[in-house]
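Inspection log for the structure reproduced underneath, given as C-alpha cells.
The chains referred to below are lettered A, B, ... by the order of the sequence lines, with proteins before strands, and numbering in each begins at 1. Since the structure is predicted, the reported quantities are computational estimates derived from the model, not experimental observations.
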Amino acid sequence: MIAVVVNGVSYERAVEPRMLLADFLRYELGLTGTHVGCEQGVCGACTVIMNGDSVRACLCFAVQADGAEIETVEGLGTVDDLNPLQQAFQEHHALQCGFCTPGMLMTGVDLLRKYPLATDREIREGLSGNLCRCTGYEHIVRAIRSVVGRSVVGRSVAGHER
Amino acid sequence: MKPPAFEYLAPRTLEQAVAALGAEDAKILAGGQSLVPMLNFRLLAPSLLVDITRIPGLDNVDDWDGGLRIGALTRHHALETSPLVRDRFPVLHAAMAEVAHLAIRNRGTIGGSLCHGDPAAELPGMAVLLDAQLQTTQRTIPAAEFYDGTLSTVLGADEILTDIMLPALPPGTGWGFEEFARRSGDFALAAVGVLIGGEVRIVAIGANEKPIRLLNAEALFNDASDIDAVAEAAGKEVSPEGDLHGSAEYRRHLVKVLTRRALRAAWERTS
Amino acid sequence: MNVDARPKIIGAAVQRREDPRLLTGQGRFVDDINLPRMLHIAFCRSDHAHARVLEVDVAAAAAMPGVVAIFTGADVLGTFNPIRATSRMADYYATELPVLAHDKVRYVGEAVAAVVAESRYLAEDAAECIAVSYEPLGHAVDVQANAEPGGPLLHEDAGTNVIVSRSFQRGDADGAMADAAVRVGATFRMHRKTPAAMENRGYVADYDPGRRALTLHSTTQVPGIVRDALEEMLEIPGNRLHVMAPDMGGGFGGKASLYPEEALVCLLSRRLGRPVKWLSDRLEDLLTTTQAFDEIVEAELACDEGGHILGLRADCLGDVGAYSVYPWTAAMEPVQVVSFLPGPYRVSNYRARARAVATSKAPTGAYRGVGRPISAFVMERLMDMAAAKLGLDPLEMRRRNMVRADEFPYKSASGIVWDKCGFMECLESVTADYDALRRQQAAARAEGRWVGLGLASYAELTGLGSRIAVAPGMPVNTGTETATIRIDSTGAVTAHFGIASHGQGLETTLAQVIAEELGVRVEDVEVIHGSTQGLAHGTGTFASRSSVLAGGAAIITARAVREQVLKAAAHMFEADAGDLDAAGGEIFVTGTDRSMSFRQLAKALYSEMGRFPKALREQIELQATRMYDPYFGTTSPASHLAMVEVDPETYGVTILHYGVADDCGRVINPLIVDGQVHGGVAQGIGAALMEEVVHDGAGQILTASLMDYVLPTAVEIPSMSVHHVEEFLPDNVGGFRGMGEGGTIGAPAALANAVSDAVGEDINVLPMTPERLYCLLNRDEE
C-alpha cells in the first residue's frame, strides 16, 4: 500500500512494485494528462514534479513515490483558469499536437522556479530533456521567456500549488 | 516496454540493506535513472530491488579536510548547485552541467552513476580525475581501482557505496573540462578533464571501457609549449570502441582535440 | 455596419481552440481511452530480418497469468479478406498487408504472434515466453544488391525485389549533356528516417456483438481510408463501422497508412467480443512505424557558359523496405523524388528513372515532404556545384534559371504544372540580407572560422485535387473534401470534415474560415473531424491538403448555409435578403439598427410554431453539404537560406542563421503558419544533420531507442526568421496553398549547401554527422 498526494489530493493504493509512476498516475488515478512517449527516459513527455523536483514518471516506480507530493499538469490550472505559463503557451502558440506539452509545462515550472533563465540559451538547455516534434521549439522558448521575471514566477508559478 | 516483475524492499538502515542484498539476483535501486530504462527494455530481471534512498544520512555534501565528503545518495542537481563544489572543485561543477537533463539530474544519485559505471558518463571520469576515495560498507576503494570493465565495478553483491571523498586540490590548481556530444545532454562521444596543480592529471571519458588517466600524455607535460605534443599523445593513448555515433578513429581524434582545449583552459586558469 | 466594417477573421492570429484542453491535461488521446472489460495486446516480434517461420510454440505463454488468448498468423488466416495497395501503374508488384506474419518474416520487428491479456504488463510477460523457430533465408538488406537479380527474394511471387520501376523523359537530355559547356554530377545519398511522432501509434477496437458494429479509436491521419479498407477486410458495412481519431500526438505521415496492428485489434475484438487495445511502445515504433527518405540518386546537370540549365539526368533507387504500404504503395517516395527533381527551374531536357527496391527493413511510407526533401537536396547541390564550376554566385545561378512570373502556368520537365506563385519573390525575400551575411562570412573566414552559406529553392504541389493521385496510379481518391455545416436549434454551428487534425490546429483555422464566411464568431463554431460518422466520404489529413481542400469546402458550404440564414432572416425582418448581412453571430439589416442573433433566428425557425408559412419553412434548411475539388492542386514554393559554422576540429555544426520565405497563398492564421514552418524546418535540420535509422548487415536495427535515433532538441534548433509571400491564387476558392511540409523539404538542401560552403567539400550524403564530416575531411590523412 502506498500513499501519495497528487495535486493536493491524497490517495492510497495497493500497487505491484513494478508499476511505473506514469502508469500509476494514468491508469490507477485516471490522471491521463501525464503522457508516455518512450519509457526510455529520453523524451520527457511524462515529466511530473515530485517533492518539488521535475522527474520522469517513466523512470520511477510508483512504490518509490510512497509519501511523496506530486504535481501533474492537471494541477496547474483549468480550462477556465489557465495558469500564467499555460496562458503564455497559448498566446505564443507553443503547442501543436499537445502531446509533449504536459512535460514541457512541468519542466518549464521547475526551470522557472530554479534558474534565472537570463538568456534563451539557458531556456533551451533547460528544455533539452524534452523532445517536441511539432514546434521547432521557438514558440516554447518565447512562451517561457515571456513569464520569466514576472511576479507570477518563482515558487508560485504553478498557481495552484499546495 | 514494461519492466518484468520483481520484489521490492525499502530498508531504513544500511545493515538491513546489506542483509536484503544477500538474496539471489537482488539489485540496488537508488535514483533509478540508469536501472529503470534497462528494466523497461527487459535487459535485466532482478528478483528483488533494494531501494536504498530511504536510508537517512547519505545525501550530504560536507567538508573533508579541505576537500569534500559526498554522500552516495546526493542527487546530481544538489552537486550541480552546491557552492562547496563550485568553490573547491570547479572542474566537477563544470562537468555536472553536462550531465543529462534537469529531470535526470533531479533524480539520479552520485553513487548510482558511479556504480552504474557508464564509460561515457561524466561522474566516473571526475572520480578518477579527482582521485576520489570511494567508501563502501566494507572498505575504501581508490576511484582508479573501482572499475574492472564496462559497466562493471569491483563491488561485491552485498556491498554498498556510501560516500565519495574528494581530497583537497593544491591552491591555484588550473582545470579544464571539454566534452563533445551529438546533442545537449547526450552521453559524451568523448570528454576530457584536466587538472594542473602539484601534478598534471588528464582523464579521458568515453574513450576506453572505463575512464582512465592518460599517464603517458601526462608525463610529457611541463608547460604550455607541450600542449600540442601532449594532445597528440593523448589521442594515441586511448583505445575507444566505435559505435553508430562515432568510429574509434573519430573518437580518438576527439580525445586529441579535447585534450588540447582542456589543457589550454587549465593552463590559463593556473595561478 | 457594412461589409467593410466586418472583423477580418481569416488572417488574424486567433488563439487556438484546441489549446485549453491540451494545456490542462484534458486532451483525449488513444491511450486515454480505457473501456470496461478491455484487453491488452503485446506482440512477439521477429528478431530475424528474413526467415521462414517454422514453428511458433505458444504453450508456455498461454499458461501465464492473465493471458486470455494468443494468436499466430495461422490462427487468423481465413478470418478476413487480405488487402493490398493496388495501382494502375505498370511494373508494380503489390504486396499483401500482413496482419500477422505467416510462412515468413521480412523485417526485424514484424509481428509473429499476439498475446491478449488482462494488462499490458502481463501480456509482455507472456510474449517473452513464446518460442519461435526460424530458418534464415539469406540477407536481403542492401538496396543496391537487392536491385540486381540473383539474390534472395523477399516476395517470391514478384520474381524480383524491384517492385516499382518508372521513367520520365522530356526533350533530349543525353544530347544536351553531350554538347554542354559545364556538367556536374554525383551520387547522392539520403539515409533512412523515421517520423517519430511523440505519441506512438495505438488502437482501441470495440466490437459490439449486439449491434454487430465496430468502433475503432485509432491514431490515424486517415480515418476515412482506414474505414473503407476495414469494410473490405472485415465485411462490416460503413454504417456499422466507425473509425475515429481522437486527439493525436503528431503524425508527420507515420500515421497515414493502414497498419497490420490496426486491422488485427479489430479482428480480435470481434473474435473475443471485448474491447482490445494495443499501444505501440517506443521500441516498437522505431521498429515498425513506416520509415522514409531512403534513396540513392545518381544525377547529372548540364549548363551553358552562362549557367543556364540545358539538361538533367537522374536515376533514383529507393529502399522501400519489406512491403508496399496501404494505400500509398512503394512507388510514392522514389517516384516523387524524380517527379519533383527539376524544381522551380526551367529544365527543357530531362530523363529520369525511379525504382523501388524491397529490402528486409520496416516498410517506408509517408513522411513530411515525401521524396521532395531528396529532390531538393540533389537539385540544389547540383545548382551549387554548377555555380562553383562557373564561378557564379549561387544566388545568381538560381536567378538565371528560376521560372519567372510571366511564364506561369509552367509545365515542368516531369509534367507538373506550376500555377502562378511567388518563386522569385521567395528567393528575393529570403536573400534580402544576403550581401550582409556574405560579408559576415568573409570576416569569420578571415579569423579561420569555417562559416558557410547555403541556399535552397523548391516547389511542391499541395492540396491535390481529383486529377492528380497522391501516389502514381493509386485507386483511392484523395482529391475532394466534403463539409457539412449545420446550425442547430440552439443557434450553434457544427461543421463536419473528413480531415483528421493532429497538431495543425484545423479546429481553429477551419472555424476561422467558417466564422468569416457565415458571419459568426470563431467560438460559435465547433469543428468535428477525425471521424467517419457524419459524412459519406472522407480521407484524412496528409500531403498538405487540409487547409486547401477543407478550407475550400468550408467556404462553399458556409456560403450555402449563409444564403439559407439570410433567406429565413429576410422573412422575419420583412426585408429583402439582399439588404441583410451577418457578422459576429448577428444578422442585421444593413444601414439600420435592426438585428437578431443566430440563436434567435434558429429558435424562431425550428422551435417557434407559426413563425414561418409552411411553404417557406419547407424551403429553408440551416445546413448544407458541399464538396470541393481543386482538381489539379496548388503550387507552394519557398526559398531557404542557412548560415552554419563547422568546428574545424570536432566537426560539430552550429546553425548561425536560418531564414525561410514561402508562398502559402492567403494566410489563415499567421501563428499557426509560422509554427508549421518552424516544425518543418526542425525536422529538416534533423534529416540534414542528425537523424538516421541504422541497420547492420543482417538487418538488425541499431537505432531502437531515442538515445540512438537522434532527434534534435531545443539547443540544436535555432531561432528562425520566416516571411510569407502571399501571392494571389486565381483558380482556388479560398486562395490557400498547402504549407505543412515545406520546411522539411528545403532545410536538408540548404544545410547541405551551407556545410559544403563552410568546409569546401561536396556534401553528397545526409545526415552530415560529425563522424561523416571527419571521414570526408580526413580521408587522405593518417
Side-chain angles (χ1 to χ4, degrees), chain A residues 16 18-19 23 26-27 30-43 45 72-80 82 85-87 89-102 105 120-121 123-141, chain C residues 13 15-16 18-29 31-32 34 119-121 195-200 247-252 279 281-283 285 502-505 669 671-672 674-683 685 705-707 711-720 743:
Chain A
E16 214 192 338
R18 64 166 158 169
M19 175 164 281
D23 288 341
R26 291 179 50 77
Y27 306 129
L31 296 170
T32 55
T34 298
H35 294 160
V36 175
C38 72
E39 297 169 296
Q40 300 173 342
V42 184
C43 80
T72 71
V73 68
E74 286 94 341
L76 290 184
T78 64
V79 164
D80 296 317
L82 297 177
L85 185 61
Q86 290 169 313
Q87 268 176 30
F89 266 56
Q90 180 170 24
E91 279 162 20
H92 292 270
H93 185 35
L95 66 156
Q96 291 183 24
C97 77
F99 196 80
C100 74
T101 307
L105 288 168
D120 282 357
R121 173 84 195 175
I123 296 175
R124 287 178 179 273
E125 281 183 351
L127 291 175
S128 66
N130 290 70
L131 297 175
C132 170
R133 195 62 159 157
C134 293
T135 64
Y137 304 104
E138 173 75 14
H139 287 169
I140 299 176
V141 174
Chain C
Q15 292 188 10
R16 295 203 323 168
E18 294 88 340
D19 288 356
R21 69 172 189 268
L22 296 173
L23 283 164
T24 52
Q26 306 300 318
R28 189 169 155 89
F29 294 82
D31 192 30
D32 302 341
N34 293 297
S119 83
R120 174 67 180 236
Y121 286 80
M198 294 323 299
E199 178 204 31
N200 292 308
D247 283 325
M248 264 213 293
F252 316 112
L279 192 76
D281 58 34
R282 186 55 68 180
L283 175 61
D285 180 67
H502 48 283
Q504 296 86 348
N669 186 326
L671 274 178
I672 288 178
D674 282 355
Q676 286 288 319
V677 174
H678 293 162
V681 168
Q683 289 184 14
I685 290 170
S705 83
L706 291 182
M707 289 298 275
L711 297 170
T713 77
V715 173
E716 289 77 39
I717 302 299
S719 198
M720 298 166 208

I need the residue from E39(A), E16(A), M19(A), Q87(A) with the largest number of non-hydrogen atom pairs under 4.5 Å to chain C. M19(A)
Residue from D285(C), N200(C), V677(C), L711(C) scoring the most non-hydrogen pairs under 4.5 Å with chain A is L711(C)
Which region of Q26(C), side chain (C-beta onward) or backbone (N, CA, C, O), has a non-hydrogen atom less than 4.5 Å from a non-hydrogen atom of chain A, or is it both or neither? side chain
Most contacts with chain A, counted as non-hydrogen pairs under 4.5 angstrom, among G27(C), A197(C), G505(C), G249(C): G249(C)
Using non-hydrogen atoms only, which part of I685(C) is less than 4.5 Å away from chain A: side chain, backbone, both, or neither? neither
CG-CG distance between L23(C) and L105(A), expressed to the nearest 0.5 angstrom: 6.0 Å
Please report the shortest heavy-atom distance between G136(A) and A682(C), naming the atom on each side. CA-CB, 3.6 Å
Residue E125(A) versus chain C: region with a heavy atom under 4.5 Å: both
Pairwise distance CD(Q96(A)) to CZ(R16(C)) - rounded to 0.5 angstrom: 6.5 Å
Could you tell me which portion of D23(A) (side chain, backbone, both or neither) has an atom closer than 4.5 angstrom to a non-hydrogen atom of chain C? side chain
Test ring pair (Phe, Tyr, Trp, His ring centres under 6.0 Å) applied to F99(A) - qualifying residues, sequence neighbours left out: H35(A), F29(C)
Find out whether L127(A) and T713(C) are in side-chain contact, i.e. whether some heavy atom of one side chain is under 4.5 Å from a heavy atom of the other. no
Looking at C97(A) and G250(C), what are the two nearest heavy atoms and their distance? CB-N, 3.3 Å
For the pair R26(A) and D31(C), find out whether any cationic side-chain nitrogen is under 4.0 Å from an anionic carboxylate oxygen. yes
What option among G25(C), P718(C), G503(C) has the most heavy-atom pairs under 4.5 Å with chain A? G503(C)
Can you confirm whether Q90(A) sits close enough to P20(C) that some side-chain heavy atom of one is under 4.5 Å from a side-chain heavy atom of the other? yes
Y137(A) (side chain) donor-acceptor with P712(C) (main chain) under 3.5 angstrom: yes
How long is the straight-line distance from CD of Q15(C) back to NE2 of H92(A), given to the nearest 0.5 Å? 9.5 Å
Heavy-atom proximity to chain A below 4.5 Å, by part of V681(C): neither
Of the backbone (N, CA, C, O) and the side chain (C-beta and beyond), which part of V73(A) lies under 4.5 Å from a heavy atom of chain C, both, or neither? both
Measuring from atom SG of C134(A) to atom CD of Q676(C), what distance do you get when rounded to the nearest 0.5 angstrom? 8.0 Å
For D32(C), which atoms come within 4.5 Å of any heavy atom of chain A: side chain, backbone, both, or neither? both
Do S719(C) and E138(A) have side chains that approach each other closer than 4.5 Å (heavy atoms only, starting at C-beta)? yes
Is the closest side-chain heavy-atom distance between T101(A) and L22(C) below 4.5 Å? no
M707(C) portion near chain A, given a 4.5 angstrom heavy-atom threshold: both
Can you tell me how far the CG atom of L283(C) sits from the SG atom of C38(A), to the nearest 0.5 Å? 11.5 Å
Heavy-atom cut-off 4.5 Å, strictly under: side chain, backbone, both or neither for S128(A) against chain C? both
Can any side-chain N or O of R133(A) pair as donor or acceptor with the backbone N or O of E199(C) at less than 3.5 Å? no
Heavy-atom pairs under 4.5 Å with chain C: which of L95(A), T72(A), T34(A) has the most? L95(A)
Distance col, row M198(C):CE vs C132(A):SG, nearest 0.5 angstrom, shows 8.0 Å
Within-4.5 Å side-chain heavy-atom neighbours: D19(C) and F89(A): no
Strictly distance-based, threshold 3.5 Å: is any side-chain N or O of R282(C) a donor or acceptor partner for the main-chain N or O of G37(A)? yes
If you compare all heavy atoms of T24(C) against all heavy atoms of G77(A), which two are closest, and at what distance to 0.1 Å? CG2-O, 3.4 Å
When the 4.5 angstrom heavy-atom criterion is applied to E91(A) and chain C, the contacting part is both
Residues two or more places apart in sequence or in another chain: which of them pass ring pair (Phe, Tyr, Trp, His ring centres under 6.0 Å) with H139(A)? H93(A), H678(C)
Is R121(A) close to chain C through its backbone or its side chain, or both, or neither, when contacts mean heavy atoms under 4.5 Å? side chain
